[in-house]
Amino acid sequence: MHNVKLIKRVVTALFTLTTLVAPITPLALYQIGLFGAGGIPTEPSKIAAQNDLQNEWRSYRGQSEPKLTILNPNTYMLIAGEAGSTRASIAVAVRVAQSQQLETQKYESQSWWHLSGAALTIWLTRNWSIEELLSKSHELRKSNASTVDRKV
């Protein structure tokens with residue numbers, strides 16, 4: 001009888017702890033990921049011309065007008081797999097995040113890379129507009145093209 005009461009108390013305590021901690025876990029992982037990223041990207045030097053924004057959007061298979069999907073730590077995994085414009089806006093944010101990671105990532109393991117990439121992607125969708133993301137992606141594309149030109 002004593003063992004049954006003890007087991008019930010342990011199960012109740014574990015359930016209570018899980019209920020309290022589970023909602024905090026995604027936010028904690030987000031903060032840890034941002035720390036591991038070593039910094040946030042600098043904003044684009046200017047907003048690209050409308051034609052360049054549209055071309056950049058289409059390069060990510062975006063349809064119609066560019067629209068940003070704002071993520072948070074709880075929705076990141078659910079929304080990241082959706083198709084259409086949602087997917088395109090996330091892909092733009094991922095591209096900008098990865099460029100930043102290549103410059104500032106603190107830790108080299110795959111786990112840190114993915115955690116920091118997710119955190120930066122979330123941060124970008126919450127703090128930049130779709131025009132800023134597309135402009136930065138356009139700058140990165142132009143920068144990469146000029147680097148290739150110099151090497152050839």
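Across every non-hydrogen atom of P73 and P26, the tightest pair is CB-O, 3.5 Å. Between G117 and A97, the shortest heavy-atom contact is O-CB, 4.1 Å. Between L34 and A119, the closest heavy-atom pair is N-CB, 3.5 Å. Smallest separation of non-hydrogen atoms from Q54 and P66: NE2-CD, 3.5 Å. The nearest pair of heavy atoms linking P41 to L120 is CD-CD2, 4.1 Å. Residues S64 and W57 come closest through the heavy atom pair O-NE1, 3.5 Å.
Under the 4.5 Å side-chain heavy-atom criterion for Ile, Leu, Val, Met, Phe, Trp and Tyr, Y60 and I47 are members of the same hydrophobic cluster.
Checked against R95 for a side chain to side chain contact (heavy atoms under 4.5 Å, CB included), the options I90, L134, L140 give a single hit: L140.
Using a 4.5 Å cut-off between side-chain heavy atoms of Ile, Leu, Val, Met, Phe, Trp and Tyr, L115 falls into a hydrophobic cluster with L29, I32, F35, Y107, W112.
In this structure, CD1 in I40 is found 8.0 Å from CG in L124, a value given to the nearest 0.5 Å. Rounding to the nearest 0.5 Å places CG of L53 at 10.5 Å from CD of E65.
A side chain to side chain donor-acceptor pair (under 3.5 Å) check over residues 114-124, counting only residues at least two apart or in different chains, returns the pairs Q105-S116, Q110-H114. Sorted by first and then second residue, the salt bridge (charged side-chain N to carboxylate O under 4.0 Å, His left out) pairs involving residues 34-58 (not counting sequence neighbours) are E56-R141.
In terms of the side-chain contact (heavy atoms from CB on, under 4.5 Å) criterion, residue partners of Q31 (sequence neighbours excluded) are, by chain and number, L27. Legend: residues meeting side chain to side chain donor-acceptor pair (under 3.5 Å) with S45, ordered by chain and number and at least two apart, are E139. In this view, T42 and K136 satisfy the side chain to side chain donor-acceptor pair (under 3.5 Å) rule, not counting sequence neighbours. Under the side-chain contact (heavy atoms from CB on, under 4.5 Å) criterion, T104 pairs with Q100, sequence neighbours left out.
Between T125 and T69, every side-chain heavy-atom pair lies at or beyond the 4.5 Å cut-off.
Of the possible donor and acceptor atoms, none in the side chain of R126 sits under 3.5 Å from a partner among the backbone N and O of I70.
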**OP:** For side chain to side chain contact (heavy atoms under 4.5 Å, CB included), just list the numbers for L133 and S89, CA-CA rounded to whole Å, side-chain angles, deciding distance to a tenth of an Å, and then say yes or no.
**Re:** CA-CA 8 Å; L133 284 167; S89 71; over 6 Å; no

